[in-house]
Structures are given as C-alpha cells and as structure tokens.
Amino acid sequence: EKVRHLQYMLAVLSEYIPQIPPLNVDGIFGRETLDAVLAAQKYFDLPETGIVNAANITISNTTKSDMNGIEAKSGSKMTVTGAITITNSGKRGLNNAGEVKAASLTIDGFGENGIQNAGTLEISGAITISNGIGNGHGVYNSKTFTAGSLSISNVKRNGINNAGDLTVTGAISVKNAVQGGIGNSKNITAGSVTIDTVTAGPGINNSGTFTVAGLTAVQNITGTDVS
C-alpha cells in the first residue's frame, strides 16, 4: 500500500514536472519507480539516494495553480511517523479524501485551502497553517479531523470552515483571517480557542455544536465577535 501511494504521488508529479518520468501504479518498487524517485529527489534538491524516508515528508514549490502539495485519494492510506512539511503549493496544501496520519503537519504558502479534508485526518501533534495567497480557507473540513493543536494565520477567507467533526485536544489559534475566524455548521471540540484580527467577518459563526473546555478569546474583529 505504501509503494502504491508513493507511485501515485510520483505519477501526479510527473504530469506537471517533465523531469520526473511517468510510471505505473502497480505496488512494485522496481527500476521504473526508483528512476522516478531519483528524478524527484534531483528536482527538489534532495540527496539523490533513491531511498524514501517515511519518517518525514517534505514537499515544496508545487506552484502550478492546479497542483496540490499532497493529494490523498479516496481509499488511500498515508502514515508518517514524523513530520509532514508542505511549502508553496499552487492549489491546496493537503487535499485528503483518504486517510492521513502524522505526528505533525506544517503548511506554509498555498493558493486555495491549506487543508481540504473529506476523509480522515489524524495529526497527533501540532498543525500549523500560514500564508494563503489565494481566496481560500486555512482548513475546510467535511469529515473527520483530529489534531493536538491547530494554528492558522494569514488567510484570505475563514481560518476554519467546518462541516464535519473537528477535534483539537489543545489550542486552536486563528490570526489574521479576512472573512471570518471560525465557521462551524457541525461539530467542533477544542481545549481552547483564540481568534485575533478578522477584517471583514465574524470571529465565530456557529450553527452547529461548538464545545471548548477552556478559554475562548476573540479580539480585533471588524464584524460580530460571535454569531
């Protein structure tokens, strides 16, 4: 399953990056897959070892407007024991319709949504999302999303737009979101919530269930603090 997912990601990259050769998704780590791995490592200025380290994943400069940093399709599974780092994605940082698990997730620079989740996303530690350059949300969630903490800054729309089940055991922090801090139409559970600076919308717009164990602080809001 891990080899198939690697091959799928390389095949997607090959459609946009001619230096990476196309390959079949057959679950076999053969010469074709090795050549694609080496080409990707060379393109992204990584050591050309041919070895894929599943402990950490770093993806950068997928800057075409229709290209996501990571695309996890329905039925796929990705488990990373360490950190996922995604920088400068042309479209979404992480577009997940499958199952993605990791210790931490950092997304810096994206064209649309930082995370678009229609599957299962489980991050045991911190999620940090920053610097949306297009008209998108920090997080758009429609299914199952869990994290140890969630920090979002500098996005053009809502920090969080939730229509699923979103659970953060620690703190949610949203800073500098243009259209709204948090929009919720289903279920959010958090340890604490801080929203600072929303220029054209409410701090929290809730029509679902929103449970916070500790402090909720909303400040520097142009619209309504809570609606």
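Predicted model only: the values in this text are computed from it and were never measured.
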Given V155 and F110, is the side chain to side chain contact (heavy atoms under 4.5 Å, CB included) satisfied, shown in steps?
-> CA-CA 9 Å; V155 294; F110 52 92; 3.8 Å; yes
* Does a donor on one side chain and an acceptor on the other come within less than 3.5 Å for N113 and H137? ->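 No, no side-chain donor-acceptor contact under 3.5 Å.
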- Begin with the C-alpha distance, continue with both residues' side-chain angles, and end with the deciding distance and a verdict on side chain to side chain contact (heavy atoms under 4.5 Å, CB included) for M67 and E71. CA-CA 9 Å; M67 194 169 182; E71 176 85 26; over 6 Å; no
Can you get from F210 to Y140 by hopping between Ile, Leu, Val, Met, Phe, Trp and Tyr side chains that sit under 4.5 Å apart?
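Not linked; separate clusters.
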Check whether Y8 and V80 end up in the same hydrophobic cluster, where Ile, Leu, Val, Met, Phe, Trp and Tyr are linked by side-chain heavy atoms less than 4.5 Å apart.
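Yes, because Y8 and V80 connect within a single hydrophobic cluster, where side-chain heavy atoms sit under 4.5 Å apart.
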- Message: For the OG1 atom of T216 and the CD1 atom of I195, what is their distance to the nearest 0.5 Å?
- Response: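 Going from OG1 on T216 over to CD1 on I195, the span is 8.0 Å.
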field: Inter- and intrachain pairs under side-chain hydrogen bond (donor to acceptor under 3.5 Å, both in side chains), touching residues 168-178, at least two apart
entry: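 Found N154-N176.
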4.5 Å side-chain heavy-atom contact, [X] and [Y]:
X	Y	result
V139	L150	yes
L13	F44	yes
V100	I84	yes

- prompt: Given T189, which of T209, T211, V212 fulfils the side chain to side chain contact (heavy atoms under 4.5 Å, CB included) condition?
  reply: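 Option passing the side chain to side chain contact (heavy atoms under 4.5 Å, CB included) with T189: T211.
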task = Among N205, I152, V193, find the residue that satisfies the side chain to side chain contact (heavy atoms under 4.5 Å, CB included) test when tested with I182.
result =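 Answer after filtering N205, I152, V193: V193.
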(request) Identify whether the distance between the nearest side-chain nitrogen and carboxylate oxygen of K42 and E48 falls below 4.0 Å. (result)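 No, this pair does not count.
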